[in-house]
Amino acid sequence: MKMDVLLGLQWGDEGKGKVVDYLAPKYNVVARFQGGPNAGHTLEFDGIKHVLHQIPSGIFRENLKNIIGNGVVLDPVVLKREIEGLGKFNMSVNQNLFISKKATIIIPTHKLLDAAYEKSRGENKIGSTLKGIGPTYQDKIGRVALRVGDIMSPDFDKKYNELVEKHKSVLGFYEYDVKDLPELEKAFFDAVEFFRELNLIDSEYEVNEELANGQRVLAEGAQGSLLDIDFGSYPFVTSSTTMTAGACTGLGVAPSVIGEVFGIFKAYCTRVGSGPFPTELFDEDGERMRKEGNEFGSTTGRPRRCGWIDLPALKYSIMINGVTQLFMMKADVLNIFENIKVCTHYELPDGSTIDKLSFEISEIDAKPVYQTLKGWNCSLAEVNKYEEMPQELKDYVTFLEKELNVSIKMVSVGPDRTQTIMK
Ligand code: GDP
Ligand code: IMO
Ligand code: MG
């Protein structure tokens with residue numbers, strides 16, 4: 001069997017959680033391959049809203065294995081809280097959550113370092129979620145990190161203390177206050193105890209054996225392609241490989257095993273944190289989009305920056321990921337607009353236009369060039385089938401498909417599992 005990959009094509013929060021949950025019954029395994037508690041994936045069904053940070057979004061479906069792969073950076077404190085939160089819904093993860101022993105552990109000082117680095121950047125801050133993501137991946141690549149399998153070692157405390165001493169000297173350099181550390185460490189070691197009871201596995205064998213046995217595996221991306229460490233708007237990015245290739249390294253699966261690549265995008269754009277955003281709206285339209293789309297971060301609660309859809313950026317994401325099917329999310333948020341704008345190119349200061357994200361693009365004052373389409377400007381609440389969609393929405397879909405050269409197979413018209421239209 002091939003492994004399908006689902007990922008966000010913009011700056012995150014495209015609605016990955018909703019779609020993974022929707023598609024999960026077709027799969028036997030759902031696996032996260034990168035990122036960590038910086039992610040917030042929202043699922044809504046039966047009138048309840050769940051936000052998952054580290055647990056894969058297949059967790060609410062029966063008889064489905066959920067795997068946290070080696071590419072993830074994992075905070076034991078957040079994981080304990082998430083698992084306990086699921087207990088309220090009579091859900092136990094003993095049977096269906098598996099964690100790679102090769103995943104990297106976020107320790108309390110990683111979070112302090114994240115804050116210290118951000119503070120030192122002043123106005124140039126990344127807008128990190130402050131969950132310790134950057135410093136943990138730094139230690140992974142620097143070959144000093146702790147991994148999940150290490151918590152079983154009798155030397156765990158020693159390894160931990162060695163790393164903390166390193167971190168403390170860096171924090172000292174930044175004159176960062178560590179007075180909260182003892183309290184954070186107490187919660188951390190509590191969570192490590194809890195962690196030891198979970199299903200810790202060599203997940204690369206598990207995933208490959210499942211595939212060899214004809215089982216269907218879906219890899220769930222976090223963040224978005226425009227936050228990718230190599231191809232995002234560096235340095236305003238996250239610290240992992242958010243693209244399809246990351247599913248190979250983050251799960252131990254060969255590139256030849258990748259099947260469908262589902263690219264998720266909003267019918268417009270949002271971004272949390274700092275960094276370039278060519279189509280960002282600073283006017284009333286942006287405000288209306290934020291309000292209508294309830295665009296506030298699932299992890300940090302910060303207001304999301306909003307703007308019209310950006311085709312050069314989407315084309316770029318489709319190219320680097322090898323997207324085979326597109327899913328358009330939050331179409332209903334555009335119900336309020338009489339006209340919808342689509343950015344097809346950027347205009348450079350010399351008057352020429354491009355539709356590529358070149359190395360220089362974030363440095364140049366590139367202005368979006370828009371094409372205006374007529375909006376449907378009506379409720380989609382009664383729309384259950386593709387044929388029932390207003391003609392203007394169908395025209396929007398057709399226009400995007402033509403520009404992007406990939407079929408849009410799903411249109412999402414609300415946050416609930418049921419508000420999903422397949423074409
Ligand atoms: P993720 O990080 O990609 O999983 O996305 P988030 O969960 O952070 O943000 C997406 C938000 O949009 C969540 O609050 C979802 O419940 C919501 N959502 C998803 N699909 C739709 C949709 O089609 N319409 C509306 N109005 N909301 C949606
Ligand atoms: P999901 O999976 C949106 C953004 C942060 C910041 C930058 C770096 O829910 O789509 P980090 O904490 O990774 O060092 O922050 O990346 N960011 C996200 N934005 N959705 C996310 O995840 C994000 N995870 C990180 O806001 O700009
Ligand atoms: Mg999110």
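The chain is numbered in sequence order, starting from 1. If you're wondering where the values come from, they're calculated on a predicted model, not measured in any experiment.
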For this session: Check the pair T238 / N38 against side chain to side chain donor-acceptor pair (under 3.5 Å), numbers first and verdict last.
Result: CA-CA 9 Å; T238 190; N38 48 349; 3.3 Å; yes

For this session: Give the minimum heavy-atom separation between P276 and S233, together with the two atoms involved.
Result: CG-CB, 3.7 Å

For this session: May I ask you to test the R147-K101 pair for a side-chain heavy-atom distance under 4.5 Å?
Result: no

Exercise. Is atom NZ of K423 surrounded by more than 12 heavy atoms (other residues, nucleotides or ligands) closer than 6.0 Å?
Worked result: yes

Exercise. Taking the side chain as C-beta and beyond, is there a heavy-atom pair between V411 and L380 under 4.5 Å?
Worked result: no

Output side-chain donor-acceptor pairs under 3.5 Å for residues 183-192, partner residues at least two apart or in another chain, one line each.
{"unit_1": "E185", "atom_1": "OE2", "unit_2": "Y160", "atom_2": "OH", "d": "2.6"}

For this session: Using atom types as modelled and distance alone, determine if a side-chain donor or acceptor of D202 lies under 3.5 Å from a backbone N or O of Y205.
Result: no

Problem set entry | Close side-chain approach of I309 and F265, heavy atoms under 4.5 Å | yes

For this session: Measure the spacing between CG of L9 and SG of C269 and express it to the nearest 0.5 Å.
Result: 10.5 Å

Exercise. Given side chains that start at C-beta, do those of M328 and L393 come closer than 4.5 Å, heavy atoms only?
Worked result: yes

Exercise. Can you check whether G273's main-chain N or O pairs, donor with acceptor, with R305's side chain at less than 3.5 Å?
Worked result: yes

Exercise. Is it true that a side-chain atom of Y370 and a backbone atom of I340 form a donor plus acceptor pair closer than 3.5 Å?
Worked result: no

For this session: For the residue pair I133 and V73, establish whether any side-chain heavy-atom pair is separated by less than 4.5 Å.
Result: yes

Problem set entry | Flag side-chain contact, heavy atom, 4.5 Å: M1 against V217 | no

Problem set entry | D416 side chain to T418 side chain, donor-acceptor N/O pair below 3.5 angstrom | yes

Under 3.5 Å, which donor-acceptor pairs do the side chains of residues 251-264 form with other protein atoms, sequence neighbours left out?
{"unit_1": "E260", "atom_1": "OE1", "unit_2": "T324", "atom_2": "OG1", "d": "2.6"}
{"unit_1": "E260", "atom_1": "OE1", "unit_2": "Q325", "atom_2": "NE2", "d": "3.1"}

Exercise. Is atom NZ of K356 surrounded by more than 12 heavy atoms (other residues, nucleotides or ligands) closer than 6.0 Å?
Worked result: no

Exercise. Using a distance-only test with no angle check, is there a side-chain donor-acceptor pair under 3.5 angstrom linking S412 and K18?
Worked result: yes

For this session: Report yes if some heavy atom in the side chain of L112 is under 4.5 Å from a heavy atom in the side chain of V178; otherwise report no.
Result: yes

Exercise. Does E84 CD have over 12 foreign heavy atoms under 6.0 Å away?
Worked result: yes

Exercise. Does R216 come within less than 4.0 Å of D4, counting only side-chain N to carboxylate O?
Worked result: yes

Problem set entry | Side chain T270, main chain G307, donor-acceptor under 3.5 Å | no

Exercise. Could you state the interatomic distance from CD (E287) to CZ (R290), rounded to the nearest 0.5 Å?
Worked result: 4.5 Å

For this session: Give a yes or no on whether the backbone of G293 and the side-chain of K330 come within a donor-acceptor separation of less than 3.5 Å.
Result: yes

Exercise. Can K159 and E162 be counted as an ion pair, charged N to O under 4.0 angstrom?
Worked result: no

For this session: Take R417 and L43 through the test side chain to side chain contact (heavy atoms under 4.5 Å, CB included) and record every step on the way to the result.
Result: CA-CA 7 Å; R417 224 184 230 174; L43 287 65; 5.9 Å; no

Problem set entry | I59 CD1 to F89 CZ distance, which is reported to the nearest 0.5 Å | 13.0 Å

Problem set entry | Polar side-chain atom of H345 near backbone of I354 as donor-acceptor pair, under 3.5 Å | no

Problem set entry | Donor-acceptor pair between E118 and S128 side chains, under 3.5 angstrom | no

Donor-acceptor list for residues 167-177 side chains, cut-off 3.5 Å, not counting sequence neighbours:
{"unit_1": "H167", "atom_1": "ND1", "unit_2": "T109", "atom_2": "OG1", "d": "2.7"}
{"unit_1": "H167", "atom_1": "NE2", "unit_2": "D139", "atom_2": "OD2", "d": "2.7"}
{"unit_1": "S169", "atom_1": "OG", "unit_2": "K166", "atom_2": "O", "d": "2.8"}
{"unit_1": "D177", "atom_1": "OD1", "unit_2": "K179", "atom_2": "N", "d": "3.0"}

For this session: Calculate, to the nearest 0.5 Å, the distance between atoms CG and OG belonging to N208 and S203 respectively.
Result: 9.5 Å

Seminar exercise, completed: From the list Y268, Y396, W308, ring-ring contact (aromatic ring centres under 6.0 Å, His included) partner of F337 resolves to W308

Exercise. Do the non-hydrogen side-chain atoms of D310 and P278 ever get within less than 4.5 Å of each other?
Worked result: yes

Problem set entry | Approximate separation, where rounding is to 0.5 Å, of F60 CZ and F45 CZ | 5.0 Å

For this session: Could you tell me whether a side-chain N or O of R61 sits under 3.5 Å from a main-chain N or O of D21, the two making a donor and an acceptor?
Result: yes

For this session: Please round to the nearest 0.5 Å and tell me the distance separating atom CD of Q95 and atom CD of E62.
Result: 12.0 Å

Problem set entry | N213 side-chain N/O to E209 backbone N/O, donor-acceptor pair under 3.5 Å | yes

Problem set entry | Under 3.5 Å: donor-acceptor pair, side chain of S100, backbone of G69 | no

Problem set entry | Nearest atoms (heavy-atom pairs only) where E292 meets V333 | CG-O, 3.5 Å

Exercise. Just by distance, with hydrogens left out, do Q34 and Q223 show a side-chain donor and acceptor under 3.5 Å apart?
Worked result: yes

Problem set entry | From R302, K266, R288, R271, residue fulfilling salt bridge (charged side-chain N to carboxylate O under 4.0 Å, His left out) relative to E295 | K266

Problem set entry | Backbone N/O of V20 and side chain of E220: donor-acceptor pair under 3.5 Å | no

For this session: For the pair D75 and K131, find out whether any cationic side-chain nitrogen is under 4.0 Å from an anionic carboxylate oxygen.
Result: no

For this session: Please confirm whether K65 makes a cation-pi placement over F98, using NZ or CZ under 6.0 Å from the six-membered ring centre and within 45° of the ring normal.
Result: yes

Seminar exercise, completed: What one should report as the nearest heavy-atom pair of H41 and A39 is NE2-CB, 3.7 Å

